[in-house]
Amino acid sequence: MMLKLRQRLYDELNLKKQAADLGISVWQTPSFLFIVMGVIIISAMSGIYIVSTNYDSPEIVVISESLVVILLLTVGNSIIRTVEEVAKSNKMKSEFVSIASHQLKTPISEMKWQIELLLSKFTDGLSEKQLEIISEVSHSGEKMGRLINDLLDVARIDQGQLALINEEMNFCTMVDSAVMAQQSLAKASNVELIVTCNLKKLEVVVDRRRIAVVLDNLITNAIKYTDGKGKVEVIVEEADGFAQFCIRDNGVGIPRNEQSSLCQKFFRSNNSIKNETDGTGLGLYIAKNIVEQSGGKLWFKSIENVGSEFYFSLPLMTDEKKGLGILK
Ligand code: ADP
């Protein structure tokens, strides 16, 4: 707690870092301008006190007070301008990512179809080496496709346009199929993947495709960040009217000092760099936003070199909602 507070205070006062994060100069950072405002207020109060005790003229007091108000309005205006500029450039960046991803999606889908066609109909006469290269190109294309989908989701989240198409579904069935889809990766990574679904009420109202993305991200991470032989457990149970999903691994864990940054966009912990795992740092950010928009929460516990537990909850269907087709 004290450590977090100290870190926050340090971040607040680290004007250089703030300026670099926001892409503005130090004197434009809101913290710097607040300090300036504080100095002006203190000096103004002392000045007005001195003026009012030394000069018995109300005009001088009024003029000095007006000057202070003008100064404060000028600094306040600079703060508003900076915030506006940051918000504007943030919006432009999101729009750029969205347009660029849309434009990239079509040629990559075309490339994927062409490779599939080549591999299904025109392999005669191709050597083993050529086939190997084509399948590597196909693999890279798939990776690019996933990255573009992630970037599109991030742009939608940032623009508040992540529309969910909710429908009633059986949560255990959904979890089973998500786990099934990861079995081959688990096997190849020497990880045992176990699922236990202990829900009595099974129905949740969610966007099937998006919750599948959440399950997929968390299960893949648990396998990916288990170095060598390991075990990943997927447990679903009921907790206070919510379906609670826990995915536990005995992998590399997350360093304590990096845990507070974990669900931030593009953040990758030191463990992923050390273990040279593939990734973008977008999976958890997307998962957290999907879960929160679905009425649930996402959180985790982790100890470095011991393992991690990622949780998320989703509201279960109540009897009143059941059968009434109440969709969010
Ligand atoms: P990616 O896996 O593509 O890097 P994510 O957003 O899914 O991006 O995860 C962000 C970071 O969180 C990862 O780079 C990794 O450092 C850490 N992380 C996520 N899940 C786990 C886990 N189960 N065990 C250890 N570290 C994890």
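Just so you know, these numbers come straight off a predicted model, no measurement behind them. Ligands are counted one by one from 1 in listed order, and the atoms in each one are counted from 1 as well.
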Assess [X] for proximity to ligand 1: is some non-hydrogen atom of it under 4.0 Å away?
X	answer
G253	yes
K224	yes
N217	no
F300	no

Under 3.5 Å between any N/O of [X] and any N/O of ligand 1: does that happen in this structure?
X	result
D278	no
N221	yes
G281	yes
L284	yes
G283	yes

Are there more than 12 heavy atoms of other residues, nucleotides or ligands under 6.0 Å from atom CG of N198?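 Counting other residues, nucleotides and ligands, CG of N198 exceeds 12 neighbours.
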Can you tell me the protein heavy atom closest to [atom] and the distance?
atom	answer
atom 26 (N) of ligand 1	N271 ND2, 3.1 Å
atom 21 (C) of ligand 1	Y225 CD1, 3.5 Å
atom 3 (O) of ligand 1	T280 N, 2.8 Å

Element-labelled atoms of ligand 1 that are located less than 4.0 Å from some non-hydrogen atom of [X]:
X	value
L282	6 (O), 8 (O)
L262	12 (O), 17 (C)
I254	25 (C), 26 (N), 27 (C)
F267	10 (C), 11 (C)
S308	22 (C), 24 (N), 25 (C)

If you measure from OG1 on T74 to CG on L72, what distance do you get to the nearest 0.5 Å?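 Interatomic distance, T74 OG1 to L72 CG, rounded to 0.5 Å: 8.5 Å.
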What's the separation between atom CG in D278 and atom NZ in K224, rounded to the nearest 0.5 Å? 7.0 Å
Donor-acceptor pair between S269 and E258 side chains, under 3.5 angstrom: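 Indeed, the side chains of S269 and E258 share at least one donor-acceptor pair under 3.5 Å.
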Do Q244 and S313 pair up side chain to side chain, a donor and an acceptor below 3.5 Å, judged on atom types alone? no
Any salt bridge linking [X] with [Y]? Criterion: basic side-chain nitrogen under 4.0 Å from a carboxylate oxygen.
X	Y	answer
R210	D153	yes
D158	K265	yes
K88	E84	no

Side chain, backbone, both or neither: the part of D249 lying under 4.0 Å from ligand 1 by heavy atom: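 Side chain only; the backbone of D249 stays clear of ligand 1.
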Which option wins on minimum heavy-atom distance to atom 4 (O) of ligand 1: K288, R268, E258, Q264? R268
Side chains of S98 and R156: closer than 4.5 Å at any heavy-atom pair?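 S98 vs R156: side chains apart.
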In terms of the angle between their ring planes, are F310 and F300 parallel, tilted or perpendicular, with boundaries placed at 30° and 60°? parallel
Counting the benzene-type ring for Trp, do W299 and Y311 have ring centres under 6.0 Å apart? yes
Go through the structure and list residues passing salt bridge (Lys or Arg N to Asp or Glu O under 4.0 Å) with K229, not counting sequence neighbours. none
